[in-house]
Amino acid sequence: MIFNKDTAQKTAELLLQINAIKLNPKNPFTWASGWKSPIYCDNRITLSFPPIRNYIREEFSKNLEKQFGKPDVIAGVATGAIGIGMLVAEYMGLPFVYVRPEPKKHGRQNQIEGFLQKGQNVVVIEDLISTGNSSLLAVEALREAGANVKGMAAIFTYGFDVSVENFKKANIDLFTLSNYENLLELAVAKKYITEEEQETLKIWSKSPATWNVESDNASVK
């Protein structure tokens, strides 16, 4: 669920302007999962543009408190959301931790880095939601550490049915600054893509795992 329509449209435009999101229906990308995709999203690029990262930080901060109440701790999912999560925590005057995909193999073998007490209210920050699996591993780790996870907020989601189902099963509320639907609306209105290309992108989103499987394009990690 998006925080609000205006934020979703503006965020989508900013991501397109800096090529954090690239749309290329005629020459699809290949994700690390092997899926062929007419879209590629790398929201870490936002950190290199101060006005845009500040906008994202501030939109997160005001909407997090509105939806979840002010948490005790902000948690970022490693590695993509460490930077923006820390900026949000700083802006809100809150402690910050980040969560690895799995515990380290050496030293203290931490999965959660930073100081976290049992019973603290935590909001998790993520940069991008695809299936939601990796994001929900962070939620599971936080819960196992005794945290009360109030919800998750992400910059962008593809809105796949599988991700919606995964968050529902995990009983986690997800809010995003923007999503695939608003991105396509904005991209057509601003002529980043044609209406015909918009239809291709809509078809892909309904079955991303099997779309254009015979396409022979360079792999993007």
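Hydrogens, waters and symmetry mates play no part in the numbers below; they use all other heavy atoms, side chains included. Counting from 1, the numbers follow the sequence of the chain as shown.
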Closest non-hydrogen atom pair between [X] and [Y], with its separation:
| X | Y | result |
| --- | --- | --- |
| A89 | P95 | CB-O, 4.0 Å |
| I84 | R53 | CD1-O, 4.0 Å |
| I172 | R143 | CD1-NH2, 3.2 Å |
| Q17 | Y192 | CG-OH, 3.6 Å |
| V77 | A138 | CG2-CB, 3.8 Å |
| Q9 | E185 | NE2-OE1, 3.6 Å |

State yes or no: do [X] and [Y] share one hydrophobic cluster built from I, L, V, M, F, W and Y residues joined by side-chain heavy-atom distances below 4.5 Å, directly or via other members?
| X | Y | answer |
| --- | --- | --- |
| L186 | L128 | yes |
| M86 | V124 | no |
| L174 | M1 | no |
| F3 | I21 | yes |
| L14 | L23 | yes |

Would you call K10 and E13 a salt bridge, taking side-chain N to carboxylate O under 4.0 Å as the test?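 The answer is no: the pair does not qualify as a salt bridge.
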Quiz item: Do NZ/NE/NH1/NH2 and the carboxylate oxygens of K62 and E65 come within less than 4.0 Å?
Solution: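 A salt bridge is absent here (no side-chain N lies under 4.0 Å from a carboxylate O).
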Please examine the side chains of [Y] and [X], heavy atoms only from C-beta on, and report whether any two atoms are closer than 4.5 Å.
| X | Y | result |
| --- | --- | --- |
| N24 | K26 | yes |
| N121 | N148 | yes |
| V97 | V122 | no |
| S135 | I129 | yes |
| T200 | W211 | yes |
| L183 | I39 | yes |
| W204 | P25 | no |
| L94 | P71 | yes |

**OP:** Before giving the answer on side chain to side chain contact (heavy atoms under 4.5 Å, CB included), spell out for F60 and Y91 the whole-Å C-alpha distance, their side-chain angles and the decisive distance to 0.1 Å.
**Re:** CA-CA 10 Å; F60 265 143; Y91 191 77; over 6 Å; no
Applying side chain to side chain contact (heavy atoms under 4.5 Å, CB included) to T157 and E126, what does each step give before you reach the verdict? CA-CA 10 Å; T157 179; E126 183 61 287; over 6 Å; no
(message) Counting neighbours of NZ on K190 that are heavy atoms of other residues, nucleotides or ligands and sit closer than 6.0 Å, is the number greater than 12?
(response)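 No, not enclosed.
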- Item | Crowding at CG, N133 (>12 non-hydrogen neighbours, <6.0 Å) |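 Counting neighbours around CG of N133, more than 12 heavy atoms of other residues, nucleotides or ligands fall under 6.0 Å, so yes.
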Is the side chain of [X] donor-acceptor paired with the backbone N or O of [Y] at a distance under 3.5 Å, no angle test?
| X | Y | answer |
| --- | --- | --- |
| N179 | N182 | yes |
| D127 | R44 | no |
| S163 | T131 | no |

> After noting the C-alpha distance and the side-chain angles of Q67 and K150, does the key distance pass the side chain to side chain contact (heavy atoms under 4.5 Å, CB included) rule?
Replying inline: CA-CA 9 Å; Q67 294 296 336; K150 302 289 288 182; over 6 Å; no
Classify the ring geometry between F68 and F175 as parallel (under 30°), tilted (30 to 60°) or perpendicular (over 60°).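 Perpendicular, since the angle between the ring planes exceeds 60°.
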Practice item. Using the six-membered ring wherever Trp is involved, compare the ring planes of W31 and F160 and label them parallel, tilted or perpendicular (cut-offs 30° and 60°). Key: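 Rings of W31 and F160: tilted, 30 to 60°.
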| said: Would you compute the distance between atom CD of E59 and atom CG of L64 and round it to the nearest 0.5 angstrom? | reply: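 Here the interatomic distance stands at 10.5 Å.
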Review point. How far does CG of L16 sit from NZ of K22, to the nearest 0.5 angstrom?
Key: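 Spacing of CG (L16) from NZ (K22) equals 12.0 Å.
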I'd like to know whether T11 forms a side chain to side chain contact (heavy atoms under 4.5 Å, CB included) with Y55, so could you lay out the CA-CA distance, the side-chain angles of the two residues, the decisive distance to 0.1 Å, and finally the verdict. CA-CA 9 Å; T11 301; Y55 170 79; 3.6 Å; yes
How far apart are the C-alpha atoms of E165 and K168, what are their side-chain angles, what is the distance that settles it, and do they pass the salt bridge (charged side-chain N to carboxylate O under 4.0 Å, His left out) test? CA-CA 5 Å; E165 187 62 27; K168 185 177 179 181; 5.1 Å; no
Check your understanding: Are a donor atom and an acceptor atom from the side chains of N4 and T7 found within less than 3.5 Å of each other?
Key ->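 Side chains of N4 and T7: pair found under 3.5 Å.
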N43 and its side-chain contact (heavy atoms from CB on, under 4.5 Å) partner, picked from L15, I56, I18, L177 =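 Going through the options one by one, the only one that passes is L15.
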